[in-house]
**Student:** 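Would you mind keeping the following structure in view while I ask a few things?
Worth knowing before you read on, the calculation uses all heavy atoms, side chains too, and leaves out hydrogens, waters and symmetry mates. Residues take their numbers from the sequence shown, with the count starting at 1.
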Amino acid sequence: MQQILWVTLLSLSYWSFVNSVELTFELPDNAKQCFHEDIKQGIKSTVEFQVVTGGHYDVDAVLEAPSGQALYRGIKKQSDSYTWVAEQTGVYKLCFSNEFSTFSHKLVYVDFVVGDEKPLPGIGEHLTAMTKLETSSSNVHEHLNTIIDYQTHHRLMEAQGRKRAEDLNTRVMYWSMGETAVIVLIGLTQVVVLRNFFSDKKGSPS
């Protein structure tokens, strides 16, 4: 479990590029966790989440506008993403609920992106067409961002697979221990029955 809780905060990018927050947090049973983000009108935002471990790998998710209107509502979702353009300026609230679970803790990954990423410095700042070097640099930058996204999702899938393998290993171990205890109990019972059988024979009249 310590390996799965590898990072609480995966990455944090500042306003100089794009307001993006990636984090992994624990959501206890019968609990609700909310995140707030101040977004200006007309800004495009994206929310993506995935349940890494816990129970049936599902949570309830609700995204609310500053007016209280529910922009997105997901019931017992394992993973999902939602993109929207803010119609009003204010604080948007994203809540995850595990209130339907009585004993299963969840580990949830969230990627909250606000706005579009600005181009690399020096690119697009002149009126002429981009040079081959600038075009190549822009393409490399986009591909690196794509690779980072793939690596993040692969790490999440690896964490899920590891947790499931650990759970399966624990169940197999308990099952083996139970079988061993049953075999030992049956063996002891047979020994006691056989001893009683021969003891009765020995004590009986000839």
**Student:** Quick one, Q50 with D111, criterion side-chain contact (heavy atoms from CB on, under 4.5 Å). Give me CA distance, side-chain angles, the key distance, then yes/no.
**Tutor:** CA-CA 9 Å; Q50 179 177 341; D111 185 8; over 6 Å; no
**Student:** Indicate the atoms forming the closest heavy-atom contact of K106 with S101, along with that distance.
**Tutor:** NZ-CB, 4.5 Å
**Student:** Near E87 CD, under 6.0 Å, is it more than 12 heavy atoms from other residues, nucleotides or ligands?
**Tutor:** no
**Student:** For the pair T89 (side chain) and Q41 (backbone), establish whether a donor and an acceptor sit closer than 3.5 Å, ignoring hydrogens and angles.
**Tutor:** yes
**Student:** Could you grab the distance from atom CG of L188 to atom CD1 of I183, nearest 0.5 Å is fine?
**Tutor:** 12.0 Å
**Student:** At what distance, to the nearest 0.5 angstrom, does CD of E179 lie from OH of Y174?
**Tutor:** 15.5 Å
**Student:** Output the distance between atom CG (D60) and atom NZ (K76), rounded to the nearest 0.5 Å.
**Tutor:** 7.5 Å
**Student:** Between C95 and K32, is a side-chain contact (heavy atoms from CB on, under 4.5 Å) present by the stated rule, with each step listed?
**Tutor:** CA-CA 7 Å; C95 294; K32 184 177 181 180; 3.7 Å; yes
**Student:** Is there side-chain contact between Y92 and V47, with heavy atoms separated by less than 4.5 Å?
**Tutor:** no
**Student:** With a 4.5 Å limit on heavy-atom distance, are the side chains of P66 and V91 in contact?
**Tutor:** no
**Student:** Applying the 4.5 Å side-chain criterion to the ILVMFWY set and letting contacts propagate, would V62 and I39 be lumped into a single cluster?
**Tutor:** no
**Student:** For M173, look at atom CE and say whether over 12 heavy atoms of other residues, nucleotides or ligands are found less than 6.0 Å away.
**Tutor:** yes
**Student:** NE2/H105 to CG/N30 distance, rounded to the nearest 0.5 angstrom?
**Tutor:** 9.0 Å
**Student:** Within the 4.5 Å heavy-atom criterion, are Y72 and L94 side-chain neighbours or not?
**Tutor:** no
**Student:** Let's go through E158 and R162 carefully: what are the C-alpha distance in whole Å and the side-chain angles of both, what is the deciding distance for salt bridge (Lys or Arg N to Asp or Glu O under 4.0 Å) to 0.1 Å, and is it a yes or a no?
**Tutor:** CA-CA 6 Å; E158 179 188 5; R162 186 189 307 118; 3.2 Å; yes
**Student:** Do T102 and D29 come close enough that some side-chain heavy atom pair is under 4.5 Å?
**Tutor:** no
**Student:** Is there a path of hydrophobic side-chain contacts, each under 4.5 Å between heavy atoms of I/L/V/M/F/W/Y residues, joining V110 to I75?
**Tutor:** no
**Student:** For the backbone of L107 and the side chain of E26, can you confirm whether one donor and one acceptor N or O come within less than 3.5 Å of each other?
**Tutor:** no
**Student:** How long is the span from the OG atom in S104 to the NE2 atom in H56, to the nearest 0.5 Å?
**Tutor:** 7.0 Å
**Student:** Please name the pair of heavy atoms, one in C34 and one in H36, separated by the smallest distance, quoted to 0.1 Å.
**Tutor:** CB-CE1, 4.1 Å
**Student:** Identify the residue among F25, F112, Y109 that makes a ring-ring contact (aromatic ring centres under 6.0 Å, His included) with F96.
**Tutor:** F25
**Student:** Has N169 got a side-chain atom pairing as donor or acceptor with A165's backbone, closer than 3.5 angstrom?
**Tutor:** no
**Student:** If every non-hydrogen atom of S97 is compared with every non-hydrogen atom of L27, which pair is closest and at what distance?
**Tutor:** C-CD2, 3.9 Å
**Student:** How long is the gap from CG on L23 to CZ on F49, to the nearest 0.5 Å?
**Tutor:** 13.5 Å
**Student:** Under a 3.5 Å distance rule, please check whether K44 uses its side chain to pair with a backbone N or O of T83 as donor and acceptor.
**Tutor:** no
